[in-house]
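Read the structure below first, then the notes.
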Protein chains: 2
Amino acid sequence: MIRTVMVVEDDDAIRMVLRTNLEDEGYRVLEASTAEQGLVIVQDEQPDVVLVDLRLPGIHGLDLVRSLRATSQVPIIIVTAQTDSHDVVAGLEAGADDYVTKPFVAKELMARIRTQLRRSSQPEESEEELVCGPIELHPDTAEVMRNGEPVPVSRIEFFVLAELIGAKGRVLSRDHLLRKVWGYGNAGDGRVVDNLIYRLRNKIEDDPANPELLLTVRGFGYRMKA
Amino acid sequence: MIRTVMVVEDDDAIRMVLRTNLEDEGYRVLEASTAEQGLVIVQDEQPDVVLVDLRLPGIHGLDLVRSLRATSQVPIIIVTAQTDSHDVVAGLEAGADDYVTKPFVAKELMARIRTQLRRSSQPEESEEELVCGPIELHPDTAEVMRNGEPVPVSRIEFFVLAELIGAKGRVLSRDHLLRKVWGYGNAGDGRVVDNLIYRLRNKIEDDPANPELLLTVRGFGYRMKA
DNA sequence: CCTACCTGCGACACACCTGCGACATACGCG
DNA sequence: CGCGTATGTCGCAGGTGTGTCGCAGGTAGG
C-alpha cells in the first residue's frame, strides 16, 4: 500500500529535501507552500500524514493544525526551527501528534512518520502484499515483476498499478485514479487514464487486446482480476 | 446506490447549472433557495451531500452550516464567491467538509462531491447484501452474478437492479425508478423503464417471457421476488 | 547538447448502450 | 365477449464509452 505524505512548507529548498527523502522511502508526496493550499489539498486527497511548518506566510501553521484537526483525524507532524520551541507546545495542544525541529535528521523524521502511520493504520493492512497473479510490486525499489522478470514501468504507471492492486479487485473510477495518482492539479483532463491503462496493458498483459489482469468495467472504470 | 445531493443556492442560474451537472453525474437533486428551506429539506430527505452558498438572503450560509452540523453528519461543501481565505477557514471550522469558489469548474465540483461521498460511505461497511435468489450484486466490482456466473450488464441496468433488490420485494413505480436512477431530468419520458426491464429479464431470467424474479405489478410498477 | 523516454493530447475506429417507435400481447372491466 | 389500457417485444439509429496509436513538448540523464 502506497502511503501519501503531505508537506506544507514554504521554503522551496527544504520542501525539495523532504520530497526526495519521502520518495526514497516509497511515499507519494503532496506539496503546499501555504496553509490555505494545504487545507484544500488535505481535504481533497486525505493523505496519511501531514507535515506542517509553523512559519508559514499568511495563516500561521498553528491555525492550520487547528483547522485540520477540526475536520480530520490525520496524523500531523510539526516541522519547525528550534527557536519555535514555545510554539511546539502550542502545536501539540492544538492537535499535532508529534514534532521535529530543524535542522532535522532525515532518518529521524522518516522514523516518526512510520510511527504515526503504524499508529493510525490497521495492522492487517499495514504491510499488504502488492501481488496480483503473475504481477508483483515492490514499493521499496519501485519495481514491477512479471513472472519474476522485472518490467520497466514509469513512475505514474507504478502508482496506478499500486492503486489498482491495492483495491483488491474493486472497481476504481477514472476520477478516483486521477485524484489518487495524478493528484490535485489535473482534475479536468480527458482520457489520460485510458491511455495509461492501455500502456500498462502492453507491459503486463500476455495479450493486451484481451486483458486478463487489468479489466475494463464499462461505465465504471477499471479493476484488477480478483 | 443512487445518491442525493442538496443544493442551497439563491441564484436561479447557478442552481440550474448545478442541477444539470449533478443529474448528468447520476445524482438525484434537491433544491432550496434559502437557508430555512434548506434546513427543512435536509432534515426531511437526508441527502448524501449538501452544497451551500454562503451568500444567502436572510440567514447566512455559515449559520446554515452550523445548524446542519449540529444535527447531522452529512458532508457539506461550501460553494461561494468569496475568495477570501478567512471565510474559507471559518466555513471549514463551522463544520463544512470542503469548499469550492465561484466561478467553479463543474468537473472539479463533481469530483469533490464524489470525494465526500466516498469518505462518508466507507465507514458504513455494513452494506446490505444485494442478493435475490440466484442473482447477486457486487457493488465493489460492479458485477452481477447469476448462479455464480458473471452476467454482463450496463451501468443503468446495474443501478436499476440494485434499486429493485434493495427494495426487498416492495413494488417500485416507474416514476420512482426514473427519479432514483435516471434522475429528475428524464421525468417526462415514455417507456424507458419498461424497455430496461425487458432487457434485464433477458439477462437474469431463465425464461424471460415468464419472469420469476423480476415481476410486473400491473398498474403499479415492478418488484423483485421476495 | 543530445538522446531516450515519458506523458498528455487528439483523432479515428469500433462495440455497445439506450431511447424511441411500432406492433403484438395480456389484462381488467363492463 | 369486446374494448381500452397497460405491458411485452424487438429492431433501429444516434450517442457514448473505450481501445488504439501516432505526435510533440517536456524532462531526466548522459
Side-chain angles (χ1 to χ4, degrees), chain A residues 16 19-20 23-24 142 144 150-161 164 171-179 181-205 207-223, chain B residues 23-26 107 142 144 150-161 164 171-175 177-178 181-183 185-223:
Chain A
M16 212 47 216
R19 159 177 286 264
T20 308
E23 286 180 346
D24 285 351
V144 176
V151 178
V153 298
S154 75
R155 178 181 176 73
I156 283 200
E157 285 163 358
F158 183 84
F159 280 126
V160 168
L161 206 49
L164 280 164
V171 183
L172 299 183
S173 69
R174 287 155 226 281
D175 189 69
H176 175 98
L177 289 170
L178 266 180
R179 304 197 143 262
V181 179
W182 277 260
Y184 181 63
N186 296 25
D189 285 9
R191 307 266 316 281
V192 195
V193 178
D194 303 59
N195 270 283
L196 194 130
I197 296 287
Y198 168 68
R199 285 160 179 155
L200 258 182
R201 279 180 178 150
N202 282 327
K203 294 186 178 179
I204 68 170
E205 294 277 359
D207 179 6
N210 298 3
E212 294 181 349
L213 297 169
L214 213 175
L215 310 173
T216 302
V217 185
R218 191 186 169 97
F220 292 89
Y222 299 96
R223 71 182 184 88
Chain B
E23 286 178 347
D24 284 352
E25 296 279 322
K107 284 233 168 217
V144 176
V151 178
V153 299
S154 77
R155 181 183 174 80
I156 286 200
E157 285 163 358
F158 183 85
F159 284 135
V160 168
L161 205 49
L164 280 164
V171 184
L172 300 183
S173 70
R174 291 175 177 69
D175 190 62
L177 288 170
L178 268 179
V181 180
W182 279 262
N186 297 24
D189 286 11
R191 307 268 315 284
V192 195
V193 179
D194 302 59
N195 268 282
L196 194 131
I197 296 288
Y198 167 68
R199 283 159 180 153
L200 258 182
R201 279 180 178 150
N202 281 327
K203 294 186 178 180
I204 68 171
E205 293 278 0
D206 282 327
D207 178 5
N210 299 0
E212 294 181 348
L213 297 169
L214 213 175
L215 311 173
T216 302
V217 184
R218 193 185 169 88
F220 293 90
Y222 299 95
R223 70 181 184 87

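The shown structure was predicted, so the numbers you read here are calculated from the model rather than taken from an experiment. A note on names: the letters A, B, ... follow the listed sequences, proteins ahead of strands, and every chain is numbered from 1.
Between D:dG17 and A:Thr216, no contact under 4.0 Å exists linking OP1 or OP2 to a side-chain N or O. The phosphate of C:dT18 has neither OP1 nor OP2 within less than 4.0 Å of any side-chain N or O from B:Trp182. The phosphate of C:dC16 has neither OP1 nor OP2 within less than 4.0 Å of any side-chain N or O from B:Ser154.
When heavy atoms are screened at a 4.0 angstrom cut-off, B:Val153 is found touching no nucleic acid atom at all. A:Ile197 comes within 4.0 angstrom of nothing in the nucleic acid, heavy atoms only.
At whole-Å resolution of the value, OH in B:Tyr198 and P in C:dC17 are 15 Å apart. Distance, B:Asp194 CG to D:dC10 C1': 14 Å, rounded to whole Å. Atom CZ in A:Phe220 sits roughly 17 Å away from atom P in C:dC16 (whole-Å rounding). One atom, CG of A:Leu196, and another, C1' of C:dG8, lie 11 Å apart when rounded to the nearest Å. Atom CZ in A:Arg155 sits about 24 Å away from atom P in C:dA4, given to the nearest Å. Following rounding to the nearest Å, A:Asn195 (CG) and C:dA11 (C1') show an atom-to-atom distance of 11 Å. Going from atom CG of B:Asn210 over to atom P of D:dT9 covers 9 Å, rounded to whole Å. Atom CG in A:Leu200 sits roughly 16 Å away from atom C1' in D:dT18 (whole-Å rounding).
For B:Arg191 and D:dG8, a side-chain-to-base donor-acceptor distance below 3.5 Å is present, hydrogens and geometry of angles not being considered.
The two residues B:Leu213 and B:Ile204 come nearest to each other via the heavy atoms CD1-O, 3.8 Å.
Side-chain atoms of B:Arg201 come within 3.5 Å of backbone atoms of B:Leu214 as a donor-acceptor pair (strictly under, hydrogens ignored). For B:Glu205 (side chain) and B:Glu212 (main-chain N/O), a donor-acceptor pair under 3.5 Å exists by modelled atom type. Judged by distance alone, with hydrogens and angles left aside, the side-chain atoms of B:Arg155 form a donor-acceptor pair with the main-chain N or O of A:Gly219 at under 3.5 Å.
Considering CG of A:Leu200 and CG of A:Asn195, their distance stands at 11.5 Å, rounded to 0.5 Å.
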Atom pairs under 3.5 Å, N or O on each side, protein against nucleotides 25-28 of chain C: can you list them with distances?
| residue | atom | partner | partner atom | Å |
| --- | --- | --- | --- | --- |
| C:dC27 | O2 | B:Arg218 | NH2 | 3.1 |

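By the 4.5 Å heavy-atom criterion applied to side chains, B:Leu196 and B:Trp182 are counted as neighbours.
Side-chain proximity of B:Arg199 to the nucleotides C:dT7, D:dG11, C:dC12 is greatest for D:dG11. Of the candidates C:dG19, D:dC21, D:dG19, C:dG19 carries the atom nearest the B:Val192 side chain, counting heavy atoms from C-beta on.
Remark: B:Lys203 engages B:Glu157 in a salt bridge, criterion side-chain N to carboxylate O under 4.0 Å.
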